[in-house]
Every structure is written in C-alpha cells, then in structure tokens.
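First listed ligand is number 1; within each ligand, the first listed atom is number 1. Atoms considered below: every heavy atom in the structure, side chains included; atoms not considered: hydrogens, waters and symmetry mates.
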Amino acid sequence: MCGIVGYTGKLQAQPFLLQGLAALEYRGYDSAGIEVLSPDGSLHGVKCQGRVATLTQRCQTANLVGTSGIAHTRWATHGAPSDRNAHPHVDCSGRIAIVHNGIIENFRELRAQLIASGHEFKSETDSEVIAHLIEDSWNGPAKGDLLEAVRIAVSRCEGSWALAVLCADAPGQVVCARRRSPLVIATTPDGCYAASDITALAGKAKSVIQLDDGQLAVLNPQGTCSVFDEDGNLVAEPTTMTIDWDASAATLGGYPDFMAKEIAEQPEAIRRLLKDRLGKHGIELDELTMTDEELASIDKVYVVACGTSYHVGLITRDFIENWAKVPVVVEQASELNYKQSVLVTDHTLCVIITQSGETADTLTAARRLRGLGCKVFAITNVLGSTAARESDGTLYIKAGPEVCVCSTKAYTAQMVGAAFLALRLALAKGKMTQAEIEKKYHQLEEVPGLIEKVLGRSWQDKEASRVFRRAHSSLFLGRGVNSTTAAEGALKLKEISYLHAEAYAAGEMKHGPIALLEPGFPVVAIVPQDHVHDKTISNIQECIARGATVVGVATDGDEDVAPLCSNVLWIPPVPDEFLVPLVAVVHLQMLARYVALDRGYDVDKPRNLAKSVTVE
Ligand code: F6R
C-alpha cells in the first residue's frame, strides 16, 4: 500500500516520477504528490487528493523543473484522503521532503515530542514525523549529512517504512531507507531510480538493487548508488535481482483494462507453470528444498494467506487432504497472528500463499510459524519479494505482473502451484503412484484449453450481468471445492461492483441465509457434474421456490440445470472434479467485471482497496 518513487540524474525528474506513480497506482490511489528540487535550490511540489491522472494534470501548469525528485501515491491509513494529508511531507523549513510507505507505529509519541520542541505539523499523517525527525538530526548530530540524518531519524521510529528523502541542501542526492516495506533501485547511465516495486522500473534496467530490512541507500545523479546498514556501514554487495519480464507485460496491450487482460492471460500463465514439471519425483518441485524423507515425515500442513490467496489456501487443503492424505489447517493470516494458541507438530509444514509476497499479515503469520519450528514454503508471483526472501523454499508462479487490484490470474496459477505441492507430497508419502501423478499432471495440462473455451463464452457472463442490475445483495452457492469457487466469485463481485455478495456452502444455506431470498434475489449456483451435483440441484430448487433468480455455472449438456436458471454459464467437462475451480472461476471473474462495468466502475482500481497490503 502506497507507492513511492524517486529519481536523480541527468534527465528531468517529473516525467519518470509521474510515469512511475502511474505504474504503482494499484498500491493506492487516495492521493498523489510530487516534489522536485528546482535549479534555484528550493523544493517545489504539487499534491492533491485523487488519482495520479489529477496530479498529472496539475503538473502541466505547475512547470516543475529539476533533475531530482520524489513522488507518492497514497492508500490512507492515518488521516483521511485529502490534499493536506497527501505526500510528500516537508519539515518546518520546507527544505526536506519525504515520501513514505508503511506505518510509523510510535508516531503519536514522536509527534508530541516534536511539537513540544517547536515543530509545526501540517497533516494528520504518521509519516510527517519523519520529515521533522530528519530536520532535527540534520541540524543536530548529522551535521548536514543527509544519509546520517535519515539514519538517525529512522532509528527513532518503530513500524515499517520504505522511504525516499530529498533535501534542498544536499542537491542531487536522494536517500532511501527500508524496513519491512519493499524498495528497489535501478542504477543507469541516466541516473538512479527508486521505486516500491519493479513495475515502476520496467524498461529502465535489467537488474535492480533490493534494499534489505534496515538498509539505507544514497542515490547519486551520476547513476551510482551506495548501500549502508542500519549502523551506517557500507554494504559491499547489496542484494540484486534480475528483472525477467519485459515492460510490455505491464501495459494494456490493446485490452480495455488490466482485469480483462489478466483474465485472458490465465491459459498462458498455467502453461508456463506446467512446463517441465514431470520427472522422477512425479512433480519436480526443487523449490521446496526438502528431501523425500523430510517430505514423508510431514504430518500436518498449516496454510496461511489473505483474501483471494486465502481462497487458494482452501483449495490447497482439498488437494493435500485428498491426494497426500495429510491434515491441513487453513487460516486467514490476520486471524492466526493473534490466536492465543497455534498448534503445530514437530513435522508441520507452513505454506504461505501471496501474490505480492508483501502482505504484512501473511508475513507476520509466516514468522510466527517459523518461530514455532515450521519450515516455510511460499507460493508467490513476485520475484525477490519479502515472502520469497524469508521462506525456506519458494515456488514462483510466473504469472507476470498482476496490475489490476483484484486478483485473477494469480488465483488460478497459485492453485496450480498448490496442486504441485500436493502431488509432490502424495508421492513422497506413498499415497499416489508415479502413474497416478502423471495422470493428474496430464489433466492439469488440459486446464488451459478448457479456460480458453470459457473465455470464448464471455457473452454468457455479459448477459447474466443484467440479473444484477437492480440488486442490492446476492448469494453465491457451491459445495465441496466449489464452495471456495463461490467464495471467490462473491469476493470478486463485491470488490469491484460494490454489490453485496455472500458466499455459502450450498447445503448450509437452509440454516440461515435462505431468509434473504425474495422474488428476483440473485443467486449464483456453481453446480458442475460432480459427486454432489444432485444435492446442489436440490438447493437450487429451494432458492427457486422462494422466487430467487438463479444463475448457474454448469457443465455443457447438463439438462437438469438449464430449466432452473435464468442464465447458465457453461463450462466444458473437466477431467477431475478437483480441477473444476480452475475453470469455473473464470466465468465468475468475467461476470464480476461485467456487473462492475455495467455500474460504471473502474474495474482495475476499486475504491478503498490497494494491491499490496503492507499494513496489518
Ligand atoms: C482480491 C485480492 C485480495 C488479495 C489479498 C492478498 O481480489 O486481490 O484479496 O488476494 O490482499 O494479497 P496477496 O496475495 O498479495 O498476499
């Protein structure tokens, strides 16, 4: 949450800063701001509530000239979204400006101390204390050394930060610092670029420096960057990472929005992930970094994740329990973190699932489980993310940058990653034979083609979206693995169309939610040809008896479903019922998108949300 960028070099700073903010806007879009060091030696900036597009318009008249600067796009935590609370924040002298992603947990105490010593605050944010702390150390012990001033300032802070600092009295320098919030730096002949993540640096460099926790960096206009530890010692070999995707991966490429693009990319993402996985261990999963003996000894799996990734966690449980016969506990990370007791065995594997690899709740949960002695295996999309760096093993799902705030292609690719883990465990534990695993792998290979068929039926979702036109609420029903598909469909719908949607296990509906039903109430029922098909049909009947309008997700040729539904979203037959969620969800992603578009909403940037949730 919140995106920061910085630049110092030969070029004008403003174009990159605005373009970088646009690329990072999925991290928050409550307000945006920019600060540039002008040739006259003073800082000039523009900031405003709203989107980067509004800031960009304002910048056209502001004429910000200068070759070093910082900028920010905000997801509000402390202080309402407003011009006043927009970053950058400046110190009392107006000569030091900062942008911050994270939370300064002790800001109240620091703010009181700073006010008592004469500082004047202009915003309600936690971040502003940093500017004043730097001012204090700049004028005090740091004696005009910006790196030292920042180092001393952050040593007084508790919480998390990715920070970029610009100072009118240290021309040309941008100083960065990181603790728990990501920050990457590209050094190029044109100068140095800093950003919250590599999406903003696409096309600038083939590899980037990744600051580690506690590190600081001085960016110079000559394109050099020095990294320091929290004690101020030079780090001889900072961590670097190669950018393995090209800039076009983060552009629309002819699609109307990123959601449409990312939904369409699912078959390719899964094909990429499946490539070269079959081998003597059934599924080759070297990323697990565990021997057969270690895998065979696993007697419990703890899966932690949030949101859509949590739904992948629920499917992971189905895969592992059914294929590897190992008991699985799935927890929402934010719940696990504050549970009084977390029960693990000596051989519990912790699996974290996180598209961004930066979700604060998930990282905290993983640290807790690691502290209890568990090995941590991460399934993530982002190379070099904190989740990857802090885990014993990491499977990259290689879905490419997911720019739309709501997750689509990462959901299906993460499910495939979870299937790899379950099958690898199944072989190591002797619960499936090599031949059975090969069969499952070949079934997985069919999935991209099946998704392509569903993508070709998007007109069915468009037509079904009309059912939701006058709705105030809706119910999503499914059984077994598809109770999770229902949960994911409901989450997609509510997050981008702002229409309330509740997901329920179909058989459980009669114990309460059935009271919601009235004539015209929309119910989405996932009812593929599986072993609970007839039971779900009965639940659909119960909805119809109360006047509900049912949209079914059903298997081609199912003559029981069509007469019951106002619309059917047809899926082709799927070779294994455990794999249906990978195919059926694609209809629900498209349905949610059409409902949101019908209501006139921006599907890529739903209100109040941010893609990378780096606060607890
Ligand atoms: C929903 C969505 C969120 C994320 C959640 C976890 O469409 O995108 O619910 O799934 O914030 O994010 P990651 O997977 O990055 O940990």
Side-chain angles (χ1 to χ4, degrees), residues 1-3 24 26-28 75 180-182 196-197 199 257-259 262-263 266 269 303-316 330-337 351-367 376 378-388 390-391 394-397 399-415 417-418 476 484-485 487-498 501 503 585-586 588-593 595-596 601-616:
M1 3 211 53
C2 300
L24 293 181
Y26 64 84
R27 300 177 70 92
W75 186 83
R180 293 207 210 120
S181 299
S196 295
D197 74 49
T199 345
D257 48 69
F258 281 104
M259 186 173 186
E262 289 160 12
I263 289 173
Q266 293 179 102
V303 185
V304 284
C306 302
T308 285
S309 294
Y310 169 74
H311 294 154
V312 179
L314 297 174
I315 298 282
T316 308
V330 193
E331 292 264 14
Q332 286 157 334
S334 55
E335 283 298 305
L336 178 121
N337 292 338
V351 179
I352 59 172
I353 304 171
T354 164
Q355 187 283 132
S356 63
E358 300 295 345
T359 301
D361 288 323
T362 305
L363 296 175
T364 307
R367 288 174 196 134
V376 178
I379 300 179
T380 186
N381 192 28
V382 179
L383 206 67
S385 56
T386 308
E390 292 189 5
S391 298
T394 302
L395 173 67
Y396 288 111
I397 56 165
E402 201 182 54
V403 177
C404 175
V405 166
C406 84
S407 185
T408 52
K409 62 178 175 174
Y411 180 64
T412 43
Q414 286 176 157
M415 276 196 270
F476 281 64
T484 301
T485 308
E488 178 59 9
L491 178 60
K492 289 290 89 98
L493 187 70
K494 64 189 148 199
E495 69 179 322
I496 60 170
S497 73
Y498 318 146
V585 76
V586 177
L588 302 185
Q589 295 167 346
M590 295 194 291
L591 176 67
R593 178 173 172 274
V595 175
Y601 297 132
D602 176 347
V603 293
D604 285 343
K605 297 190 186 78
R607 70 185 179 205
N608 302 338
L609 288 169
K611 182 117 192 110
S612 188
V613 186
T614 54
V615 295
E616 281 190 30

### Task
Please tell me if the side chains of Tyr310 and Leu491 come closer than 4.5 Å, counting only heavy atoms from C-beta onward.
no
### Query
Is Glu402 close to Val382 at the side-chain level, that is, under 4.5 Å between some pair of heavy atoms?
no
### Protein heavy atom at shortest distance from atom 12 (O) of ligand 1
Thr359 OG1, 3.5 Å
#### Entry: Ligand-residue contact atoms, ligand 1 with Ser309, heavy atoms, under 4.0 Å
10 (O), 13 (P), 14 (O)
#### Entry: Worked check of side-chain hydrogen bond (donor to acceptor under 3.5 Å, both in side chains) between Gln589 and Thr408
CA-CA 7 Å; Gln589 295 167 346; Thr408 52; 5.0 Å; no
#### Entry: Interfacing atoms of ligand 1 (cut-off 4.0 Å, heavy-atom, Lys492)
1 (C), 7 (O)
### Task
Identify, for atom 15 (O) of ligand 1, the protein heavy atom at the shortest distance, and state residue, atom and that distance.
Ser356 OG, 2.7 Å
### Task
Using distance alone, determine whether Glu495 and ligand 1 share an N or O pair under 3.5 Å.
yes
#### Entry: Heteroatom proximity flag, Thr362 to ligand 1, N/O under 3.5 Å
no
### Task
Heavy-atom contacts with Val405 under 4.0 Å: which atoms of ligand 1 show up? List them by number with element.
8 (O)
### Query
Which word best sums up how the rings of Tyr498 and Tyr601 line up, parallel for under 30°, tilted for 30 to 60°, or perpendicular for over 60°?
tilted
#### Entry: atom 2 (C) of ligand 1 - nearest protein heavy atom and its distance
Thr308 OG1, 3.9 Å
### Query
Is it the case that Thr386 and Glu358 place a side-chain donor and acceptor less than 3.5 Å from each other?
yes
### Query
Does the side chain of Val585 reach to within under 4.5 Å of the side chain of His311, using non-hydrogen atoms?
no
### Task
Starting from atom 5 (C) of ligand 1, locate the nearest protein heavy atom and write down its residue, its atom name and how far away it is, to 0.1 Å.
Cys306 O, 3.7 Å
### Task
Applying side-chain hydrogen bond (donor to acceptor under 3.5 Å, both in side chains), run through Gln355 and Ser309 and close with a yes or a no.
CA-CA 7 Å; Gln355 187 283 132; Ser309 294; over 6 Å; no
### Query
Closest non-hydrogen protein atom to atom 11 (O) of ligand 1, residue and atom name please, with distance?
Val613 CG2, 3.9 Å
